[in-house]
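Right, one structure below, let's go through it.
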Amino acid sequence: MKLRLSVIGGGLCALLLSSCLTITEKQIIPPPWRPAPVEGVEGFDGKPPIGQIAPVYFSTTEVPQIDGNFSEWEGLVGVYTRVMVYGGLVNPKNTDGHFVVRTDGKNLYLFADITDDDPTVNPFPAPQAWRGDSIEFFFGTDTSPHKFYSGTDKRMRFVPKSKSNPRQYEVSINDQTVNIPDLQAVFVYGESGYRLEAKIPLNALNNKSLKVGKKVRMEFQINDADDGKERSRLVHWMSQEDKSYMDASTWGDGKVIALPNKGGDK
């Protein structure tokens, strides 16, 4: 009798439990920080330009002045950041960047021409400023295969703080805010984006002097925040994943070459 009751009780429990189960497939809800897809543009596939070498133009006689006059950069071919790590499809009208690097052997000079449909200043301190509009420049002279940062691998973040004062900015190197007298930058805003030019002493990056023919490693990144929210797009030159901040193997190749047609030194 007890055995019969236990069997009946077990059957009722199983029936009750099964009635609580659902046969409707669960739907995955995207994380709230993922932006809505952006319409792509024909001709831009968002793939990394594998094999492209980013030039670093060398001259000791013609050196950019960090003054917001960008004429020294005219005509120089650089690289474009059109690998959308996240934020939908590639649309250069929403987010795009042209980057050019120069050197006088002792300093790096960075130019960035950023297209942004909603250019804003960044309220975050430099180490957390990836959450808003900002530019990141990765540079190293260790060309041997490696993932973890070596002593010469550095990630710089340039953070605009004012539309009216071009020299109001913050800089971090490997997520440490720095205030280096010889490190200079200028941000100039326009209706469809902003431009940056910067001077970076190589000794601040634990790197020695450069000369023509030197091979280097680089990556370029745009952090783009729209509509008063946090970062909605992340765009690279070469890497298809958000790993460049910790994995130097995702960077691309660069090479120091003479500044063309301007008396570049060899």
Side-chain angles (χ1 to χ4, degrees), residues 54-70 72-73 76 78-79 81 97-114 122 125-127 129-130 133-143 149-161 166-188 194-212 214-223 236-238 244-245 248 251-259 264-265:
V56 180
Y57 296 106
F58 180 90
S59 176
T60 59
T61 58
E62 298 188 45
V63 177
Q65 300 299 308
I66 310 304
D67 55 8
N69 179 349
F70 304 102
E72 303 104 324
W73 303 95
L76 293 178
V79 300
T81 47
H98 179 224
F99 290 82
V100 182
V101 183
R102 295 175 62 169
T103 185
D104 57 9
K106 296 181 179 179
N107 303 282
L108 291 174
Y109 299 88
L110 174 68
F111 169 73
D113 186 1
I114 307 300
N122 192 317
W130 55 267
D133 281 3
S134 57
I135 292 170
E136 300 194 25
F137 174 40
F138 304 72
F139 182 85
T141 53
D142 184 354
T143 58
Y149 277 28
S150 68
T152 60
D153 292 333
K154 303 298 178 183
R155 172 169 56 102
M156 293 151 273
R157 183 178 297 123
F158 295 87
V159 187
K161 292 295 183 180
R167 296 188 182 275
Q168 190 171 341
Y169 61 89
E170 288 186 10
V171 179
S172 65
I173 298 178
N174 290 5
D175 277 338
Q176 297 292 321
T177 301
V178 296
N179 186 9
I180 301 169
D182 288 338
L183 195 159
Q184 306 171 36
V186 168
F187 281 93
V188 177
Y194 56 92
R195 288 181 169 185
L196 162 76
E197 61 178 354
K199 173 187 176 183
I200 310 147
L202 281 164
N203 58 17
L205 307 179
N206 198 30
N207 278 281
K208 298 179 180 180
S209 61
L210 297 175
K211 60 182 180 180
V212 171
K214 177 69 175 177
K215 294 180 179 180
V216 298
R217 296 278 291 168
M218 294 189 288
E219 177 62 287
F220 307 88
Q221 176 175 320
I222 302 173
N223 301 309
H236 280 153
W237 165 50
M238 192 62 68
S244 297
Y245 69 95
W251 303 1
D253 293 320
K255 187 176 182 179
V256 181
I257 63 175
L259 182 70
D265 304 318

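All values below come from the heavy atoms of this structure, side chains included, with hydrogens, waters and symmetry mates left out.
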Heavy-atom side-chain contact between [X] and [Y] under 4.5 Å:
X: Leu110; Y: Leu196; value: yes
X: Leu202; Y: Phe139; value: yes
X: Leu76; Y: Arg102; value: yes
X: Tyr57; Y: Ile257; value: yes
X: Ile114; Y: Phe99; value: yes
X: Leu259; Y: Thr61; value: no
X: Val171; Y: Ile200; value: no
X: Phe138; Y: Met218; value: no

Qualifying residues under salt bridge (Lys or Arg N to Asp or Glu O under 4.0 Å), relative to Arg155, sequence neighbours excluded: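 Testing Arg155 for salt bridge (Lys or Arg N to Asp or Glu O under 4.0 Å), a comparison that skips the adjacent residues, returns Glu136, Asp175.
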Who pairs with Asp104 by salt bridge (Lys or Arg N to Asp or Glu O under 4.0 Å), at least two apart in sequence or on another chain?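 Here no residue qualifies.
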Using 0.5 Å steps for rounding, measure from the [atom1] atom of [X] to the [atom2] atom of [Y].
X: Asn223; Y: Asp133; atom1: CG; atom2: CG; answer: 8.5 Å
X: Thr141; Y: Leu205; atom1: OG1; atom2: CG; answer: 9.5 Å
X: His236; Y: Glu219; atom1: NE2; atom2: CD; answer: 5.0 Å
X: Tyr194; Y: Asp113; atom1: OH; atom2: CG; answer: 10.5 Å
X: Asn107; Y: Thr60; atom1: CG; atom2: OG1; answer: 12.0 Å

According to side-chain hydrogen bond (donor to acceptor under 3.5 Å, both in side chains), who are the partners of [X], at least two apart in sequence or on a separate chain?
X: Glu197; value: Trp73
X: Asn122; value: none
X: Thr81; value: none
X: Ser244; value: Thr250

Is the side chain of [X] donor-acceptor paired with the backbone N or O of [Y] at a distance under 3.5 Å, no angle test?
X: Ser134; Y: Ala129; answer: yes
X: Arg217; Y: Ala248; answer: yes
X: Arg157; Y: Ala126; answer: yes
X: Asp153; Y: Gly140; answer: no

Using the side-chain contact (heavy atoms from CB on, under 4.5 Å) criterion, which residues pair with [X]? Sequence neighbours excluded.
X: Asn69; result: Asp67, Ser71
X: Ser209; result: none
X: Pro166; result: Val186

Closest non-hydrogen atom pair, [X] against [Y]:
X: Lys211; Y: Phe58; value: CA-CE1, 4.2 Å
X: Ile180; Y: Ala204; value: CD1-CB, 3.6 Å
X: Lys199; Y: Pro201; value: O-CD, 4.0 Å

Restricting to ring-ring contact (aromatic ring centres under 6.0 Å, His included), what partner residues turn up for [X], sequence neighbours left out?
X: Tyr149; answer: Trp251
X: Trp237; answer: Phe220
X: Phe158; answer: none

From the options Val56, Val256, Thr103, Thr143, select the one residue that forms a side chain to side chain contact (heavy atoms under 4.5 Å, CB included) with Lys214.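 Going through the options one by one, the only one that passes is Val256.
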Does atom NZ (Lys161) have a neighbourhood of more than 12 heavy atoms from anything else shown, all under 6.0 Å?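 Counting other residues, nucleotides and ligands, NZ of Lys161 exceeds 12 neighbours.
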Apply the test side chain to side chain contact (heavy atoms under 4.5 Å, CB included) to residues Phe111 and Arg195: give CA-CA distance (whole Å), side-chain angles for both, the deciding distance (0.1 Å), then the verdict. CA-CA 7 Å; Phe111 169 73; Arg195 288 181 169 185; 4.2 Å; yes
